[in-house]
Each structure stands twice: as C-alpha cells, then as structure tokens.
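Here's the structure, in structure tokens; my notes come after.
Quantities reported herein were computed from a predicted structural model and do not represent experimental measurements. For the numbers below, each heavy atom of this structure counts, side chains included, while hydrogens, waters and symmetry mates do not. For ligands, and for the atoms within them, numbers begin at 1 and follow the listed sequence.
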Amino acid sequence: MSQYWSPVVHGLTPYTPGEQPKLANLVKLNTNENPYPPSPKAVAAIQGELGEDGARLRLYPDPNGDSLKGAVAKHFQAFSITPAQVFVGNSSDEVLAHVFQALLKHDAPILFPDISYSFYPVYCGLYGIAYETVPLDESFAIRPEDYDQPNGGIIFPNPNAPTGRALSLAQIETVLVSNPQSVVVIDEAYVDFGADSAVALVNQHPNLLVTQTLSKSRALAGLRVGFAVGHPALIEGLERVKNSFNSYPLDRLALAGAVAALEDEAWFAKSCQAVMATREQLSHELTSLGFAVLPSAANFLFVRHPERDAAALALALRERSIIVRHFRQPRIDQFLRITIGTDAECNLLVAALKEILA
Ligand SMILES: *Cc1c(COP(=O)(O)O)cnc(C)c1O
C-alpha cells in the first residue's frame with residue numbers, strides 16, 4: 001500500500017535504534033542506558049504530579065516548559081546561563097531534529113565526523129540537508145583543524161559516539177573561532193561521564209549550541225527529556241520550529257521528573273562517579289584480556305580484539321545472554337561498543353569473555 005506514501009517517504013533511510021529485547025535476565029550493555037535508577041526525588045515528583053486520581057492529566061502541560069528551563073539555567077549557574085538561553089524537548093533526538101531543520105539547513109553542506117552518531121545522516125535525509133563527513137584521525141580522534149573549511153554548519157558529539165573520545169574546551173574553541181559564520185552544535189549526550197561541558201563557552205560564542213539529554217547521566221531514558229543551551233537567537237529559531245510542530249512536546253510527568261532530577265545534584269554526582277569507577281576497572285580488565293580499549297570519557301567502552309572478529313564475539317556473548325553493540329560499518333566493524341553496567345554485570349561480561357577467548 002506504499003502508493004499512498006508521500007514521495008519523500010520512499011527516499012528515507014530511518015535510524016535503527018539499539019535492540020530493546022523483550023527477554024528477561026539479559027545483561028543489557030548495548031544502548032548506553034544508566035545501570036542505576038534515577039533520583040528518588042524525580043520518581044517522587046512524577047508520583048506527586050500524577051496525584052491520587054491523575055486529575056491534573058486533564059490539563060495540558062506548560063507549552064514552554066518554563067520550570068525545566070529554569071532548572072537547566074540553575075544547573076549551569078556557574079556559567080551565567082539564563083532561561084532565555086535554554087530550549088527543551090521530548091528527548092535530545094527531538095531537539096536535534098529541530099536543530100537540523102532550524103539551524104543546519106543552508107546551501108553549503110554541513111560537516112560531521114565519518115564515525116559519529118548515526119542519526120545525523122538520517123536527519124539530513126529527512127530534511128534534505130547536504131552533508132560531508134570528516135574522517136577521524138588514525139587514533140579515532142576528531143582533529144579540530146579539519147573543520148576549518150567552508151560549511152553550512154558543524155555537529156559532533158563530545159565525547160564522540162561510539163568512540164568515547166573527548167575534545168578539550170580549547171579544541172572546541174578552535175572550531176568555533178574558525179567558523180564564525182556557521183552554527184557549531186556540540187552534542188553532549190555523554191559529557192557528564194568525564195568531559196568538560198561547552199556550555200562554559202556559550203556566553204562567548206553566539207554560534208555555539210550545546211545539546212544534552214537526561215537519558216544517560218540522569219538515568220531517565222524512559223522519560224524522554226533533552227535540552228539545548230545557546231544564544232537566545234538560536235533558541236528562538238528552535239522555538240519557531242517547535243511551535244510549528246508540537247506545542248506540548250513535554251508532558252506533565254516528564255516536566256516534573258526532569259526538574260527534580262536536575263535539582264538532585266548529589267544523586268547525579270554519585271551515580272556518574274560509580275559509572276566512571278566501573279569504566280576504569282572494566283577498561284583495565286579488558287586490556288588484560290588482550291583488547292585494545294580507546295580512552296573513554298563516556299558511559300561505554302569502544303574496544304577491539306586484535307585476533308577475534310567483533311561480530312563473532314558479539315554473537316558468542318549473546319549466546320551467553322549478554323548483549324553489546326556491533327556496527328557493520330567501514331573502519332569500525334572490528335569494534336564492540338560496551339555500555340558500562342553495574343560491577344556485577346561487568347564481572348559477568350569479563351567472565352564470559354574469558355571463556356570465549358580461552
Ligand atoms: C543517546 C544519544 C542521543 C539521544 O538521547 P535521547 O535524549 O535519549 O534522544 C543523542 N546523541 C547521542 C550522541 C546519543 O548517544
């Protein structure tokens with residue numbers, strides 16, 4: 001019945017999310033979810049918003065998400081961020097979709113790394129945006145100098161995904177300074193696990209937009225909340241697209257939970273530190289098993305075994321009820337991306353790998 005499709009639909013290549021298996025008792029290390037629960041204060045706030053009878057759900061939520069914009073601004077108060085510099089949306093994927101349409105669709109092709117978040121080319125396909133990829137260097141790092149060339153915009157994650165490698169703020173500033181004519185978007189989905197946030201640079205660079213999500217470091221992938229921080233003019237461009245698409249992208253439960261999660265800095269710091277400590281331990285153990293492990297500032301490791309095929313390893317792990325992510329993509333088809341789980345989950349992974357490699 002595809003004759004009913006709009007012509008544009010025939011040309012789309014949609015994003016393939018990591019598997020969300022329906023099986024119980026899997027060690028799930030494939031989609032970079034947080035192994036720890038979200039802040040209990042976030043859970044209580046969601047329950048409070050729901051109330052005894054859910055009567056508040058009769059009413060539309062705040063279309064502007066002002067409470068959440070305030071909480072984001074407060075979280076970044078050290079960098080003097082105001083609510084007018086914050087955009088909020090139903091996940092950072094949705095925020096990114098609006099960013100591509102509102103800020104990255106110009107005549108010149110946009111730039112992003114050859115190895116990066118695989119949703120970027122999908123948005124380009126959806127909105128008809130031309131792009132060019134910029135190869136990472138041999139050590140899978142982004143070279144800031146490579147972005148000193150004509151472009152319609154620049155986007156990359158920091159830390160990059162799926163490599164986990166991070167740039168310093170000085171390196172990001174190099175990209176900003178050599179591209180004053182275009183918007184530079186830094187996708188900070190993983191920044192809280194060990195990189196410095198470019199939100200620190202927002203007040204110096206009107207062409208910088210930083211996106212973040214509550215899915216990873218705040219353990220709220222199921223709530224779907226993301227945001228962007230940048231110059232008020234960039235935010236206004238995003239609001240124009242959002243208000244031409246969905247007036248109420250964030251529901252009442254998401255707004256209440258997200259605000260409480262952002263306010264609970266102690267819980268946030270503790271769970272990020274736990275993930276980082278496990279990451280260092282797992283990195284050490286995988287290195288002892290002969291894996292090459294890229295330095296990671298994220299909640300995952302990107303690893304390669306010099307003598308074992310990555311797809312075969314992923315399959316052998318799956319047979320032992322452990323799932324990791326393998327990308328059938330040039331340059332990285334011999335790598336596995338392994339999400340940091342609890343210590344117990346990582347111990348199961350190491351034990352399984354020992355058995356497979358033996
Ligand atoms: C997970 C991820 C996102 C999306 O996060 P959501 O808010 O859950 O949509 C965006 N960018 C990168 C690089 C990610 O890894």
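Residue-environment remark: CD (Gln3) exceeds the threshold of 12 foreign heavy atoms within 6.0 Å.
Residue Pro206 comes nearest to Leu234 through the heavy atom pair O-CD1, 3.5 Å, listed as atom of the first residue, atom of the second, then distance. Taking every heavy atom of both residues into account, Glu33 and Ala221 meet most closely at CG-CB, 4.3 Å.
In summary, the aromatic rings of Phe300 and Tyr190 are positioned with their centroids under 6.0 Å apart.
Under the 3.5 Å distance criterion, the side-chain polar atoms of Asp148 are left unmatched by any main-chain donor or acceptor of Val175. Between the side chain of Arg218 and the main chain of Ser215, no donor-acceptor pair closer than 3.5 Å is present.
Which of Ala161, Ala221, Ser92 comes nearest to atom 5 (O) of ligand 1 through a heavy atom is settled by distance: it is Ser92.
If you look at Ala189 next to ligand 1, the close heavy atoms, those under 4.0 Å, all belong to the side chain. The proximity of Ser215 to ligand 1, defined as any non-hydrogen pair under 4.0 Å, is limited to the side chain. Contacts between Glu94 and ligand 1 below 4.0 angstrom, taking non-hydrogen atoms only, are absent altogether. Counting heavy atoms closer than 4.0 Å to ligand 1, residue Asp187 contributes side-chain atoms (C-beta onward) but none from N, CA, C or O.
For atom 14 (C) of ligand 1, the closest non-hydrogen atom on the protein side is Lys216 NZ, 3.0 Å.
At least one N or O atom of Arg224 sits closer than 3.5 Å to an N or O atom of ligand 1.
Ligand 1 lies within reach of Tyr190, whose nearest heavy atom is under 4.0 Å from it.
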